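These notes are about the structure you will find just below.
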Amino acid sequence: FADAIKNEDFKVWFQPKFDAKTEELVGAEALVRWINPDGQTISPADFIYVFEEDGLIVQLDLYVFTSVCKTIKRFMNAGIKTVPISVNISRASLHHTGIIQKYKDVIEETGIPVELVPLEITETTAFKNKQIKELAEQLKAAGFRIDMDDFGTGSSSLASLNLIPFDVLKIDKSLVDFIGTPDGEELVRHSIELAHFKNIHVIAEGVEKQEQLEFLRKYGCDTIQGYYFSPPLPLEKYINRFQEYSKAE
(Lines give C-alpha, C1' and ligand atoms only; values in the text may rest on other atoms or scores of the structure.)
Protein backbone atom coordinates (compact mmCIF):
# COMPACT_ATOMS: atom_id res chain seq x y z
CA PHE A 1 0.00 0.00 0.00
CA ALA A 2 2.77 2.44 0.93
CA ASP A 3 4.54 1.81 -2.39
CA ALA A 4 1.27 2.23 -4.29
CA ILE A 5 0.70 5.59 -2.61
CA LYS A 6 4.30 6.68 -3.23
CA ASN A 7 4.19 5.59 -6.87
CA GLU A 8 0.76 7.15 -7.36
CA ASP A 9 -0.74 3.85 -8.47
CA PHE A 10 -4.06 5.04 -7.05
CA LYS A 11 -5.73 7.15 -9.72
CA VAL A 12 -8.70 9.41 -9.20
CA TRP A 13 -11.42 9.12 -11.82
CA PHE A 14 -14.34 11.48 -12.15
CA GLN A 15 -18.00 10.75 -12.84
CA PRO A 16 -19.75 13.89 -14.09
CA LYS A 17 -23.04 15.16 -12.67
CA PHE A 18 -25.57 16.99 -14.82
CA ASP A 19 -28.47 19.34 -14.19
CA ALA A 20 -31.63 17.28 -14.67
CA LYS A 21 -33.39 19.97 -16.71
CA THR A 22 -30.66 21.70 -18.69
CA GLU A 23 -28.20 18.78 -18.89
CA GLU A 24 -25.43 21.23 -18.00
CA LEU A 25 -22.39 19.72 -16.31
CA VAL A 26 -22.64 20.91 -12.71
CA GLY A 27 -20.23 18.69 -10.78
CA ALA A 28 -18.52 15.34 -10.45
CA GLU A 29 -17.78 12.59 -7.96
CA ALA A 30 -14.22 11.43 -7.36
CA LEU A 31 -13.75 7.66 -7.54
CA VAL A 32 -10.50 5.83 -6.86
CA ARG A 33 -8.92 3.20 -9.12
CA TRP A 34 -5.84 1.15 -8.26
CA ILE A 35 -3.77 0.67 -11.41
CA ASN A 36 -0.64 -1.45 -11.13
CA PRO A 37 2.55 -0.53 -13.05
CA ASP A 38 1.73 -3.33 -15.49
CA GLY A 39 -1.57 -1.60 -16.29
CA GLN A 40 -3.81 -4.01 -14.40
CA THR A 41 -6.74 -2.28 -12.73
CA ILE A 42 -7.85 -3.53 -9.32
CA SER A 43 -11.52 -2.90 -8.65
CA PRO A 44 -12.41 -0.87 -5.53
CA ALA A 45 -14.67 -3.77 -4.59
CA ASP A 46 -11.52 -5.88 -4.16
CA PHE A 47 -9.59 -3.54 -1.89
CA ILE A 48 -11.78 -0.93 -0.19
CA TYR A 49 -13.24 -3.35 2.35
CA VAL A 50 -9.74 -4.63 3.19
CA PHE A 51 -8.51 -1.07 3.74
CA GLU A 52 -11.52 -0.39 5.95
CA GLU A 53 -10.69 -3.38 8.13
CA ASP A 54 -7.00 -2.54 8.63
CA GLY A 55 -7.36 1.26 8.83
CA LEU A 56 -5.55 2.06 5.59
CA ILE A 57 -8.75 3.65 4.30
CA VAL A 58 -7.91 6.79 6.32
CA GLN A 59 -4.73 7.32 4.33
CA LEU A 60 -6.50 6.57 1.07
CA ASP A 61 -9.33 9.00 1.86
CA LEU A 62 -6.82 11.78 2.53
CA TYR A 63 -4.84 10.89 -0.61
CA VAL A 64 -7.97 11.13 -2.79
CA PHE A 65 -9.12 14.33 -1.10
CA THR A 66 -5.70 15.95 -1.62
CA SER A 67 -5.59 14.80 -5.24
CA VAL A 68 -9.01 16.31 -5.92
CA CYS A 69 -8.04 19.61 -4.31
CA LYS A 70 -4.90 19.78 -6.46
CA THR A 71 -6.96 18.98 -9.56
CA ILE A 72 -9.39 21.79 -8.80
CA LYS A 73 -6.46 24.15 -8.28
CA ARG A 74 -5.09 23.03 -11.64
CA PHE A 75 -8.43 23.93 -13.25
CA MET A 76 -8.45 27.31 -11.56
CA ASN A 77 -4.91 28.10 -12.71
CA ALA A 78 -5.75 27.05 -16.26
CA GLY A 79 -8.86 29.22 -16.35
CA ILE A 80 -11.16 26.22 -16.68
CA LYS A 81 -14.61 26.67 -15.18
CA THR A 82 -14.68 24.84 -11.86
CA VAL A 83 -17.57 22.81 -10.47
CA PRO A 84 -17.79 20.94 -7.15
CA ILE A 85 -16.07 17.53 -7.08
CA SER A 86 -17.39 15.43 -4.21
CA VAL A 87 -15.17 13.05 -2.26
CA ASN A 88 -16.22 10.07 -0.16
CA ILE A 89 -15.14 10.06 3.47
CA SER A 90 -15.29 6.80 5.39
CA ARG A 91 -16.50 6.23 8.91
CA ALA A 92 -12.92 5.37 9.92
CA SER A 93 -11.71 8.74 8.65
CA LEU A 94 -14.44 10.60 10.49
CA HIS A 95 -13.28 9.01 13.75
CA HIS A 96 -9.58 9.50 13.08
CA THR A 97 -7.99 12.01 15.45
CA GLY A 98 -7.30 15.33 13.79
CA ILE A 99 -8.81 14.41 10.43
CA ILE A 100 -10.92 17.56 10.17
CA GLN A 101 -7.88 19.75 10.73
CA LYS A 102 -5.96 17.75 8.11
CA TYR A 103 -8.69 18.36 5.56
CA LYS A 104 -8.79 22.06 6.46
CA ASP A 105 -5.01 22.22 6.06
CA VAL A 106 -5.22 20.75 2.55
CA ILE A 107 -7.84 23.34 1.61
CA GLU A 108 -5.61 26.12 2.94
CA GLU A 109 -2.47 24.77 1.25
CA THR A 110 -4.11 24.42 -2.16
CA GLY A 111 -5.99 27.70 -1.81
CA ILE A 112 -9.29 26.49 -3.25
CA PRO A 113 -12.81 27.39 -2.04
CA VAL A 114 -13.98 24.75 0.43
CA GLU A 115 -17.40 24.58 -1.19
CA LEU A 116 -15.80 23.00 -4.27
CA VAL A 117 -15.03 19.76 -2.36
CA PRO A 118 -18.25 18.34 -0.86
CA LEU A 119 -17.85 15.31 1.39
CA GLU A 120 -20.06 12.26 0.91
CA ILE A 121 -21.09 10.22 3.96
CA THR A 122 -23.03 6.99 3.48
CA GLU A 123 -26.47 6.71 5.02
CA THR A 124 -25.40 3.61 6.94
CA THR A 125 -22.47 5.47 8.48
CA ALA A 126 -24.68 8.39 9.47
CA PHE A 127 -27.36 6.29 11.10
CA LYS A 128 -25.30 3.69 12.89
CA ASN A 129 -23.16 6.05 14.91
CA LYS A 130 -24.63 9.22 16.41
CA GLN A 131 -21.15 10.54 17.11
CA ILE A 132 -20.97 11.22 13.39
CA LYS A 133 -23.47 14.05 13.94
CA GLU A 134 -20.96 16.04 15.98
CA LEU A 135 -18.17 15.41 13.47
CA ALA A 136 -20.42 16.38 10.57
CA GLU A 137 -21.35 19.60 12.33
CA GLN A 138 -17.65 20.40 12.74
CA LEU A 139 -17.14 19.86 9.02
CA LYS A 140 -20.12 22.09 8.28
CA ALA A 141 -18.67 24.75 10.57
CA ALA A 142 -15.45 24.55 8.54
CA GLY A 143 -17.45 25.28 5.39
CA PHE A 144 -17.73 21.78 3.90
CA ARG A 145 -20.91 20.70 2.15
CA ILE A 146 -22.15 17.32 3.43
CA ASP A 147 -23.86 14.88 1.06
CA MET A 148 -25.75 11.77 2.13
CA ASP A 149 -24.62 8.95 -0.15
CA ASP A 150 -26.48 5.66 -0.78
CA PHE A 151 -29.86 7.00 0.36
CA GLY A 152 -32.36 4.17 0.49
CA THR A 153 -29.91 1.39 1.42
CA GLY A 154 -29.78 2.02 5.19
CA SER A 155 -32.09 0.88 7.93
CA SER A 156 -33.75 4.24 8.57
CA SER A 157 -33.51 6.95 5.95
CA LEU A 158 -35.84 9.32 7.79
CA ALA A 159 -33.80 9.04 10.96
CA SER A 160 -30.59 9.69 9.03
CA LEU A 161 -31.97 12.89 7.53
CA ASN A 162 -32.94 14.16 10.96
CA LEU A 163 -29.64 13.15 12.54
CA ILE A 164 -27.25 15.17 10.37
CA PRO A 165 -27.76 18.51 8.60
CA PHE A 166 -27.17 17.21 5.08
CA ASP A 167 -27.03 19.60 2.15
CA VAL A 168 -27.52 16.96 -0.53
CA LEU A 169 -29.30 13.61 -0.71
CA LYS A 170 -28.05 11.07 -3.25
CA ILE A 171 -30.70 8.53 -4.21
CA ASP A 172 -28.95 5.17 -4.55
CA LYS A 173 -28.96 3.23 -7.81
CA SER A 174 -30.87 0.44 -6.09
CA LEU A 175 -33.85 2.80 -5.78
CA VAL A 176 -33.42 4.28 -9.24
CA ASP A 177 -33.58 0.75 -10.67
CA PHE A 178 -37.11 0.44 -9.24
CA ILE A 179 -38.35 3.15 -11.59
CA GLY A 180 -40.86 1.42 -13.84
CA THR A 181 -42.61 -0.36 -11.00
CA PRO A 182 -45.49 1.34 -9.11
CA ASP A 183 -44.14 0.75 -5.61
CA GLY A 184 -40.60 1.66 -6.59
CA GLU A 185 -41.69 4.88 -8.24
CA GLU A 186 -43.61 5.85 -5.11
CA LEU A 187 -40.45 5.38 -3.04
CA VAL A 188 -38.38 7.55 -5.36
CA ARG A 189 -41.04 10.25 -5.62
CA HIS A 190 -41.50 10.44 -1.85
CA SER A 191 -37.73 10.54 -1.35
CA ILE A 192 -37.47 13.58 -3.63
CA GLU A 193 -40.44 15.26 -1.94
CA LEU A 194 -39.04 14.59 1.53
CA ALA A 195 -35.64 16.02 0.64
CA HIS A 196 -37.13 19.14 -0.93
CA PHE A 197 -39.40 19.61 2.10
CA LYS A 198 -36.21 19.81 4.16
CA ASN A 199 -34.57 22.12 1.57
CA ILE A 200 -32.10 19.41 0.56
CA HIS A 201 -30.76 19.16 -3.02
CA VAL A 202 -31.40 15.77 -4.69
CA ILE A 203 -28.99 13.82 -6.87
CA ALA A 204 -29.99 10.51 -8.46
CA GLU A 205 -27.05 8.19 -9.12
CA GLY A 206 -26.90 5.14 -11.32
CA VAL A 207 -29.22 6.60 -13.96
CA GLU A 208 -28.85 4.52 -17.09
CA LYS A 209 -32.13 4.76 -19.03
CA GLN A 210 -34.16 7.47 -20.74
CA GLU A 211 -37.31 6.50 -18.83
CA GLN A 212 -35.46 6.88 -15.53
CA LEU A 213 -34.30 10.35 -16.50
CA GLU A 214 -37.79 11.39 -17.61
CA PHE A 215 -39.35 10.15 -14.37
CA LEU A 216 -36.77 11.93 -12.23
CA ARG A 217 -37.25 15.15 -14.18
CA LYS A 218 -41.01 14.91 -13.81
CA TYR A 219 -40.79 14.77 -10.03
CA GLY A 220 -38.18 17.47 -9.62
CA CYS A 221 -34.88 15.63 -9.09
CA ASP A 222 -32.17 18.29 -9.31
CA THR A 223 -29.07 16.48 -10.59
CA ILE A 224 -28.35 13.29 -12.52
CA GLN A 225 -25.29 11.05 -12.24
CA GLY A 226 -24.89 7.79 -14.12
CA TYR A 227 -23.95 6.00 -17.30
CA TYR A 228 -26.86 7.56 -19.22
CA PHE A 229 -24.71 10.69 -19.44
CA SER A 230 -21.22 9.44 -18.62
CA PRO A 231 -19.27 6.65 -16.92
CA PRO A 232 -16.40 7.56 -14.56
CA LEU A 233 -13.55 9.06 -16.58
CA PRO A 234 -9.80 9.30 -16.02
CA LEU A 235 -8.59 12.86 -15.47
CA GLU A 236 -7.57 13.81 -19.00
CA LYS A 237 -10.77 12.44 -20.55
CA TYR A 238 -12.79 14.24 -17.89
CA ILE A 239 -10.97 17.49 -18.69
CA ASN A 240 -11.65 17.07 -22.41
CA ARG A 241 -15.33 16.45 -21.82
CA PHE A 242 -15.48 19.19 -19.23
CA GLN A 243 -14.04 21.69 -21.69
CA GLU A 244 -16.56 20.60 -24.31
CA TYR A 245 -19.40 21.46 -21.97
CA SER A 246 -17.75 24.70 -20.91
CA LYS A 247 -17.38 25.80 -24.54
CA ALA A 248 -21.01 24.90 -25.26
CA GLU A 249 -22.29 27.49 -22.78
Side-chain angles (χ1 to χ4, degrees), residues 12-33 43-45 48 68 81 83-88 116-126 145-154 157 160-161 166-235 237-246 248-249:
V12 179
W13 286 32
F14 304 85
Q15 185 163 36
K17 301 173 185 177
F18 298 86
D19 183 279
K21 293 180 180 178
T22 67
E23 299 188 8
E24 175 190 4
L25 190 145
V26 293
E29 177 182 1
L31 301 167
V32 67
R33 299 289 185 267
S43 168
I48 291 294
V68 168
K81 175 188 170 186
V83 295
I85 300 176
S86 61
V87 179
N88 292 278
L116 289 179
V117 227
L119 300 175
E120 296 193 12
I121 301 174
T122 64
E123 179 192 350
T124 304
T125 294
R145 193 185 85 190
I146 306 296
D147 298 2
M148 177 193 281
D149 195 16
D150 300 340
F151 182 84
T153 62
S157 299
S160 299
L161 280 180
F166 287 101
D167 299 291
V168 172
L169 178 150
K170 296 189 72 177
I171 297 176
D172 189 71
K173 183 182 185 302
S174 61
L175 278 186
V176 171
D177 285 343
F178 280 130
I179 293 174
T181 66
D183 289 345
E185 290 185 348
E186 282 294 295
L187 284 172
V188 174
R189 181 172 64 84
H190 285 304
S191 296
I192 296 171
E193 291 175 350
L194 170 64
H196 286 167
F197 175 75
K198 296 181 69 65
N199 296 314
I200 296 174
H201 185 96
V202 179
I203 297 174
E205 56 184 345
V207 178
E208 299 178 349
K209 302 175 182 177
Q210 177 72 32
E211 53 266 35
Q212 293 173 337
L213 174 62
E214 291 175 355
F215 177 88
L216 291 162
R217 277 178 175 161
K218 179 179 179 181
Y219 290 103
C221 181
D222 302 294
T223 302
I224 303 297
Q225 177 181 345
Y227 276 68
Y228 180 83
F229 283 116
S230 176
L233 301 169
L235 179 58
K237 287 187 177 180
Y238 172 74
I239 290 174
N240 290 338
R241 179 159 192 179
F242 190 96
Q243 290 176 320
E244 288 176 11
Y245 276 83
S246 297
E249 294 180 359

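Being a predicted model, the structure only gives us computed values, none of them experimental.
- The shortest side-chain heavy-atom distance between Ile85 and Leu116 does not fall under the 4.5 Å cut-off.
- Side-chain contact check for Gln225 versus Val207: every heavy-atom pair is 4.5 Å or farther apart.
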Give the intermediate values and the outcome of side chain to side chain contact (heavy atoms under 4.5 Å, CB included) for residues Leu31 and Val12.
CA-CA 6 Å; Leu31 301 167; Val12 179; over 6 Å; no
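- Counting only heavy atoms from C-beta outward, the side chains of Glu29 and Ile203 never approach each other to under 4.5 Å.
- In this structure, the side chains of Ile146 and Val168 stay at 4.5 Å or more apart for every pair of heavy atoms.
- The nearest pair of heavy atoms linking Phe18 to Ser230 is CE1-CB, 4.4 Å.
- Annotation: side chain of Ser191 is in contact with side chain of Phe151 (closest heavy-atom distance under 4.5 Å).
- The existence of a salt bridge linking Glu214 and Lys209 is excluded, since no basic side-chain nitrogen approaches an acidic carboxylate oxygen closer than 4.0 Å.
- Scanning both residues, Met148 and Phe166, for their nearest heavy atoms gives N-CD2, 3.2 Å.
- In this structure, Pro231 and Pro16 approach most closely via the heavy-atom pair O-CD, 3.8 Å.
- Using a 4.0 Å cut-off between charged nitrogen and carboxylate oxygen, Glu193 and Arg189 count as a salt-bridge pair.
- Once rounded to the nearest 0.5 Å, the distance linking CG of Leu169 with CG of Leu194 reads 7.5 Å.
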Using the rule given for side chain to side chain contact (heavy atoms under 4.5 Å, CB included), can you reason through Gln15 versus Leu233, listing the C-alpha separation, both sets of side-chain angles and the distance that settles it, and then say yes or no?
CA-CA 6 Å; Gln15 185 163 36; Leu233 301 169; over 6 Å; no
Please determine whether side chain to side chain contact (heavy atoms under 4.5 Å, CB included) holds for the pair Ile121 and Asp147, giving the CA-CA distance in whole Å, both sets of side-chain angles, and the decisive distance to 0.1 Å.
CA-CA 6 Å; Ile121 301 174; Asp147 298 2; over 6 Å; no
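- Rounded to the nearest 0.5 angstrom, Ile192 CD1 and Leu187 CG are separated by 11.5 Å.
- Rounding to the nearest 0.5 angstrom, the gap separating the CG atom in Asp19 from the CZ atom in Arg217 is 9.0 Å.
- Distance alone, capped at 3.5 Å, places no donor-acceptor pair between the Asp167 side chain and the Arg145 backbone.
- Closest non-hydrogen pair, Leu235 versus Phe14, comes out as CD1-CE1, 3.6 Å.
- Side-chain atoms of Asp183 and Glu185, non-hydrogen and from C-beta on, never get closer than 4.5 Å to each other.
- Between the side chains of Asp222 and His196, at least one donor N or O sits under 3.5 Å from an acceptor N or O.
- Within 6.0 Å of OH on Tyr228 lie more than 12 heavy atoms contributed by other residues, nucleotides or ligands.
- With 3.5 Å as the limit, one finds a donor-acceptor pair spanning the side chains of Asp172 and Ser174.
- From Gln212, atom CD reaches atom CZ of Phe178 across 12.0 Å, with rounding to the nearest 0.5 Å.
- Taking both residues in full, the closest heavy atoms of Lys17 and Ser86 are given as NZ-OG, 2.9 Å, listed atom of the first, atom of the second, then distance.
- Scanning all heavy atoms of the two residues, the minimum distance from Leu213 to Ile224 falls at CD1-CG1, 3.7 Å.
- Looking at heavy atoms from C-beta onward, Leu216 lies in side-chain contact with Val188 at the 4.5 angstrom threshold.
- By the 4.5 Å heavy-atom criterion applied to side chains, Lys81 and Val83 are counted as neighbours.
- Taking a cutoff of 4.0 Å between a charged side-chain nitrogen and a carboxylate oxygen, Lys173 and Glu205 do not qualify as a salt bridge.
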